[in-house]
Amino acid sequence: KRFDAQINNLYEGQLRLDGHAFYTPSSQMLEADARFNGFNLGIAKPFVGEIFNEIGGELSGSLRYDSTPGCYRIASENLRLDNGLLSLLFTNVPYTVNGPLEIDTEGAHFKGISLKDRENGTGTLDGSILFGGFTRPELDLRATVHNMECLNVTQKESPYFYGHIYGSGSASIRGPFSALVLDIDASTEKTGDLHIPIPNTSTAGNNNLLRFKGIEVPVIVDPYEEMMKKIKDIEAATSDFAINLRVNATPGVMAYIEIDKASGNILSARGSGMIELNSSSQRFDINGDYNISGGNYKFVALGIASRDFEI
C-alpha cells in the first residue's frame, strides 16, 4: 500500500512548480521530488526572517528528498537562482543575486553567486546555509565586494553605530542563527557618513579622538547578588549578534562622534585611518588611528551656552 500526492503551481500561464510525493506505511519511507521553473523564492521568508528582511527571486532546477526512520537524504540538480533579492537584516542593504546553487543533506551551497547593489556595485558570494538537522541552522557565507553599498542603517535600527557607507573588501557571516558573527575587512568608497553615539558620557571612557573621565563613586557590590545577576542575564539572552569591523577610512566619509546628540554636542570630521570596531550585546569597543583633515566640534554646556570649534 502506498499514498501518492501531487502539488502544482501555475502562474502567468507557466507551471512554476511540479511536485510529487510517495509514502509507504509499511517501511515508513517517504520519497518526494520537485521541478522548479522560475518559482518564487519569497516563500522561504518565514524560515529566514531572523537573518534577511527581504528575500525573493526565481528558482529553477530539480530537488529530491528521500527518508526512512532516522535517516534522510536531499539532492539537487541544475538548481539556479535568477533575479534574486537578498537584504541582510543587520545592514539593511538589498542586493540582486544570480547564479547556481546546490542543495544537499547538509544545506544550501553557493559558489560564485554574483551580487549587485542598486547603484551597480558588484561582488561575489560563496559559502553555505547549513540545515543543522533542521534544529540548529547555521550560516557560513563569504563575500568579496567592489564599490558596493555596505551599510544603510538608522539610529533606531542600531544604537551603537549607524550610517550609510560604500566599500570594497571582504566580509563573512558565520555561526548559528542565535549567535551570528559578522566580520568585515574593507576600505570605504565614494561619500558616506558614520555615526558613533557615546552611550554615557558620565562614565569613564576613552578613544583616540576624545577622552572622558567622570567622577568616581565607590559602589559596594554583594558578590552573591552579582553572581545571580550574571546567571539571570545569561539565561535571558536567547540570541546574540556580533560585528567585527576593520575599515580603512577615506576622507569621503564624514564621521560623527555624538557625545550628546540631544543637546547638539557633536564632533564631526573627515580624515583617513584604520578603525577597528567590535560590537555585540555584551560590549562595544572602537580602536584605531584616525587622522583628521578637517571638521567641527560643537560644544554645548548645560544646554544653554554653546560654541563651535573648527578642527
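In this chain, residues are counted from 1 in sequence order. It should be emphasised that the depicted structure is a prediction, and the values quoted were computed from it without experimental measurement.
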Next on the checklist: Checking N53 against N92 for the side-chain hydrogen bond (donor to acceptor under 3.5 Å, both in side chains) test, could you report, in this order, the C-alpha distance in whole Å, the side-chain angles of both residues, the deciding distance, and whether it holds?
Outcome noted: CA-CA 8 Å; N53 54 8; N92 208 29; 3.0 Å; yes
Checklist entry - How long is the span from the CG atom in L59 to the CG atom in L17, to the nearest 0.5 Å? => result 9.5 Å
Checklist entry - Which pair of heavy atoms, one from L125 and one from A143, lies closest together, and at what distance? => result CD1-CB, 4.3 Å
Item to check | E119 and Y166: CA distance, side-chain angles, deciding distance, side-chain hydrogen bond (donor to acceptor under 3.5 Å, both in side chains) verdict | outcome: CA-CA 10 Å; E119 297 186 26; Y166 296 83; 2.6 Å; yes
Item to check | Listed partners of P94 passing side-chain contact (heavy atoms from CB on, under 4.5 Å), at least two apart | outcome: E54, L85, S87, R118
Next on the checklist: Restricting to non-hydrogen atoms, name the atom on G175 and the atom on L180 that form the minimum distance, rounded to 0.1 Å.
Outcome noted: O-CD2, 3.2 Å
Item to check | 4.5 Å side-chain heavy-atom contact, F39 and L41 | outcome: no
Next on the checklist: Looking at R16 and D18, is any side-chain nitrogen of the basic one under 4.0 Å from a carboxylate oxygen of the acidic one?
Outcome noted: no
Next on the checklist: I'd like to know if E31 and R64 make a salt bridge, using a cut-off of under 4.0 Å between side-chain N and carboxylate O.
Outcome noted: yes
Next on the checklist: Between D126 and K111 (salt bridge meaning N to carboxylate O under 4.0 Å), is one present in this structure?
Outcome noted: no
Checklist entry - Could you go step by step and tell me if N265 and Y297 meet the side-chain hydrogen bond (donor to acceptor under 3.5 Å, both in side chains) rule? => result CA-CA 8 Å; N265 206 348; Y297 174 47; 3.2 Å; yes
Next on the checklist: So I103 and L79, do their side chains get closer than 4.5 Å, heavy atoms only?
Outcome noted: yes
Checklist entry - Do T122 and H146 get their side chains close enough for a donor-acceptor pair, meaning under 3.5 Å? => result no
Item to check | CD (E106) with more than 12 external heavy atoms under 6.0 Å | outcome: no
Checklist entry - Which residues pass the side-chain contact (heavy atoms from CB on, under 4.5 Å) test with A171, sequence neighbours left out? => result I184
Item to check | Trace of the side-chain hydrogen bond (donor to acceptor under 3.5 Å, both in side chains) decision for H20 with D4 | outcome: CA-CA 7 Å; H20 304 82; D4 299 350; over 6 Å; no
Checklist entry - Do the ring planes of Y23 and F3 sit parallel (below 30°), tilted (30 to 60°) or perpendicular (above 60°)? => result parallel
